[in-house]
Asker: 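Dropping a structure here in structure tokens format, bear with me for questions.
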2 protein chains.
Amino acid sequence: MTTVPPGTKAEPCARIERGQGCGVERCGLCEARAVSICNAIEEDQLSELARATTVVELAPGEVFRNEGASPEYLFNIISGSVKLFKLLADGRRAVIGFLTVGDFIGFGRPDAVPCSAEALTNVRLCRFERGKFRVLLETYPKLERRLLAVASDEVAAGQEHMTLLGRLTADERVARFLLARAEASQRLGGSSKDLELPMTRSDIADYLGLTIETVSRVFTRLRRKGLIDYKTARSVTLQDRPGLLAISEGG
Amino acid sequence: MTTVPPGTKAEPCARIERGQGCGVERCGLCEARAVSICNAIEEDQLSELARATTVVELAPGEVFRNEGASPEYLFNIISGSVKLFKLLADGRRAVIGFLTVGDFIGFGRPDAVPCSAEALTNVRLCRFERGKFRVLLETYPKLERRLLAVASDEVAAGQEHMTLLGRLTADERVARFLLARAEASQRLGGSSKDLELPMTRSDIADYLGLTIETVSRVFTRLRRKGLIDYKTARSVTLQDRPGLLAISEGG
DNA sequence: CGTCATGTTGATTGAGCTCAATCCATGTGG
DNA sequence: CCACATGGATTGAGCTCAATCAACATGACG
């Protein structure tokens with residue numbers, strides 16, 4: 001079990017860039033536009049969108065959203081990877097999910113942020129002030145519809161993960177994790193075979209409800225069986241997709 | 001571990017009542033209106049709402065929504081209790097949640113129902129055809145906003161549950177479950193001390209990622225310690241709330 | 001080069017699972 | 001009204017998968 005010493009709060013010292021590329025240009029040229037909720041907003045209204053946002057840059061390890069705090073900002077990920085997590089009073093940690101390009105950060109009750117968010121890599125975020133975001137939602141029904149669809153997806157994904165946490169064995173969990181990663185990679189135009197894992201074994205363990213040691217053991221076991229391969233812990237190759245699928249389904 | 005013999009699909013033979021109380025009356029007098037998403041729709045437009053809905057009655061055990069199927073209908077619970085669940089190929093089951101009066105059933109990807117739904121008690125449902133519901137959303141922005149808020153809540157609740165499943169001990173899980181039940185009961189105007197549990201130990205186990213036996217053991221352990229009491233398995237009294245809270249937090 | 005974070009591997013332990021017996025409430029048919 | 005089947009719940013005994021404890025390897029970095 002990984003535990004976090006209480007009182008380890010990363011500095012919220014994010015470098016902020018403003019107004020690089022005014023209005024339409026910035027949002028129009030945004031690398032995440034194609035896969036983010038922003039594409040619910042028409043080309044000719046992008047300048048209004050740009051005016052409501054600030055681009056933020058983060059280094060690995062920076063925590064930019066704290067569980068329990070009042071949700072001042074909402075975010076879209078422009079580039080890089082992020083993890084969401086919750087801490088228990090005694091330091092136990094649960095990683096709720098890993099997010100990347102195009103993903104939206106901001107669901108939850110209106111009064112308190114449901115979980116903390118930390119940059120895994122260098123990250124560029126598109127930041128919305130809460131009030132301004134609400135106005136955007138009211139102005140652009142398409143955006144709201146889009147967001148509802150995304151939230152609805154998120155609910156389903158959460159249910160899937162609950163099933164994993166409640167009922168799968170360690171091997172099944174890791175196999176599913178790798179397959180899900182492969183799918184995510186593919187969705188963003190990357191390889192579905194060679195995976196770059198931006199998170200540590202500890203993050204994976206806290207995500208899968210296991211310990212670091214167990215995750216490590218399952219990885220080596222899968223490697224010995226020839227289902228995966230890797231030179232470094234962070235870059236894995238899926239050698240036998242059907243085999244992984246079989247394991248992920250309890251084979 | 002509870003498993004379900006493959007091929008056990010309950011008959012979808014729901015008694016359907018139509019047009020009892022026309023238009024405004026039915027929705028206006030609905031017992032669930034105060035706590036459901038429908039209250040986002042103004043009094044004077046309730047007849048349109050009523051026209052889009054059908055009231056359905058179910059007996060305990062009836063499955064009215066199947067994981068993987070195309071989502072033809074969405075529901076609001078008027079009365080009674082429902083469980084959502086997922087089955088694995090080998091019969092393992094994960095209970096995703098328990099729903100009651102006012103709760104909405106219908107989030108998920110647009111192509112496939114994320115989990116099955118079964119009546120725990122006698123249940124009255126307000127059923128929306130998918131197409132008609134979409135029209136309602138487009139017609140009443142307030143309804144859409146409301147639904148987004150509910151979905152957003154659901155995301156947060158799901159994250160909470162993932163933390164429970166991934167990182168809590170059996171005792172902590174059961175304690176949290178009981179406290180959550182108490183809160184839910186109170187929210188609907190019931191007692192926060194005397195709980196009626198509409199679900200079996202098996203349901204609770206599949207919800208908490210435990211086995212029936214473990215759930216049973218924790219219940220008796222909590223009773224021996226004087227934290228709870230019960231005559232029948234289904235009706236529990238919380239004797240020592242602070243004690244339960246302490247346990248739920250790892251005390 | 002030493003330090004620190006991360007990852008791997010081994011040995012042992014233990015919380016929760018499995019298997020099995022029993023209990024108990026409810027319903028059913030003779 | 002009783003016998004008995006049935007489905008849920010409880011309890012005990014033993015086992016197992018993953019956790020814990022511990023040692024060591026590796027690699028990045030000042």
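Below, chain A is the first sequence line, B the second, and so on; all start at residue 1.
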Asker: Does A:T169 have a side-chain nitrogen or oxygen under 4.0 Å from the phosphate oxygens OP1 or OP2 of D:dC17?
Answerer: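 For D:dC17, OP1/OP2 do not have a side-chain N/O of A:T169 under 4.0 Å.
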Asker: The side chain of A:S216 is closest to which nucleotide in this list: C:dC17, D:dA9, C:dT9?
Answerer: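 Among C:dC17, D:dA9, C:dT9, the one nearest the side chain of A:S216 is C:dT9.
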Asker: Work out which heavy atom in B:E67 is nearest to a heavy atom in B:K86; give both atom names and the distance.
Answerer: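 It is OE1-CA, 3.4 Å.
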Asker: Any donor-acceptor pair under 3.5 Å between the side chain of B:R217 and the base of D:dG12?
Answerer: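 It does, because a donor-acceptor pair links the side chain of B:R217 to the base of D:dG12 below 3.5 Å.
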Asker: In whole angstrom, what separates B:R92's CZ from D:dC17's C1'?
Answerer: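 Roughly 13 Å, once rounded to whole Å.
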Asker: Could you check how far CZ of B:R167 sits from P of C:dA15, rounded to whole Å?
Answerer: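 Taking CZ of B:R167 and P of C:dA15, I get 16 Å after rounding.
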Asker: Taking the side chain of B:I212 as its heavy atoms from C-beta onward, which of C:dT18, D:dT10, C:dG7 lies nearest to it?
Answerer: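 Shortest atom-to-atom distance from the side chain points to D:dT10.
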Asker: At under 4.0 Å between heavy atoms, what does A:R234 touch on the DNA or RNA strands: base, sugar-phosphate, or nothing?
Answerer: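 Sugar-phosphate: the residue A:R234, judged by heavy atoms under 4.0 Å, touches backbone atoms but no base.
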Asker: Within this structure, what is the NZ-to-P distance between B:K231 and C:dT26, rounded to whole angstrom?
Answerer: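 Taking NZ of B:K231 and P of C:dT26, I get 15 Å after rounding.
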Asker: Identify the residue among B:V123, B:V82, B:V56 that makes a side-chain contact (heavy atoms from CB on, under 4.5 Å) with B:F64.
Answerer: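 Result: among B:V123, B:V82, B:V56, B:V82 is the only option passing the side-chain contact (heavy atoms from CB on, under 4.5 Å) with B:F64.
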Asker: Could you please name the option among D:dT11, D:dT10, C:dG16 that lies closest to any side-chain atom of B:T214?
Answerer: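 Taking heavy atoms from C-beta onward, the closest nucleotide is C:dG16.
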Asker: Check the distance between C:dA15's P and B:R173's CZ and give it to me in whole angstrom.
Answerer: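 Value for this atom pair: 14 Å.
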Asker: If I take atom CE in residue B:M199 and atom P in nucleotide D:dG8, what distance separates them, rounded to the nearest angstrom?
Answerer: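 My rounded result for the distance is 15 Å.
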Asker: Measuring to OP1 and OP2 of C:dC17, would you say a side-chain N or O of B:T211 lies under 4.0 angstrom away?
Answerer: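 Affirmative; the distance criterion is met.
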Asker: Which atoms form the tightest heavy-atom contact between A:R201 and A:I212, and what is the distance?
Answerer: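 Looking at all heavy atoms of both residues, the shortest contact is CB-CG2, 3.9 Å.
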Asker: Figure out the CD/P separation between A:E213 and D:dA18, and round it to whole Å.
Answerer: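 Between P of D:dA18 and CD of A:E213: 14 Å.
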Asker: Is A:T232 touching bases, backbone alone, or none of the nucleic acid, heavy atoms closer than 4.0 Å?
Answerer: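 Nothing: the residue A:T232, judged by heavy atoms under 4.0 Å, touches no strand.
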Asker: Among D:dA9, C:dG7, C:dA20, which nucleotide sits nearest the side chain of B:T200?
Answerer: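 It is D:dA9.
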Asker: Using whole Å, what does the distance between atom P of nucleotide C:dT6 and atom CG of A:L120 come to?
Answerer: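 Atom-to-atom, A:L120 to C:dT6, this comes out as 12 Å.
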Asker: In terms of side-chain heavy atoms, does B:D194 have a donor or acceptor partner in B:T237 at a distance below 3.5 Å?
Answerer: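 Yes, because at least one side-chain N or O of B:D194 sits under 3.5 Å from a partner of the opposite role on B:T237.
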Asker: Separation of B:Y230 atom OH from C:dC24 atom P, in whole Å?
Answerer: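 Distance check: B:Y230 OH to C:dC24 P gives 13 Å.
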Asker: Is there a donor in the side chain of B:R92 and an acceptor in the side chain of A:T163, or the other way round, less than 3.5 Å apart?
Answerer: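 On atom types as modelled, these side chains do not qualify, holding no pair under 3.5 Å.
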Asker: Of the nucleotides C:dT8, C:dT9, D:dA18, which one has an atom closest to the side chain of A:R224?
Answerer: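 Selected nucleotide (nearest to the side chain): C:dT9.
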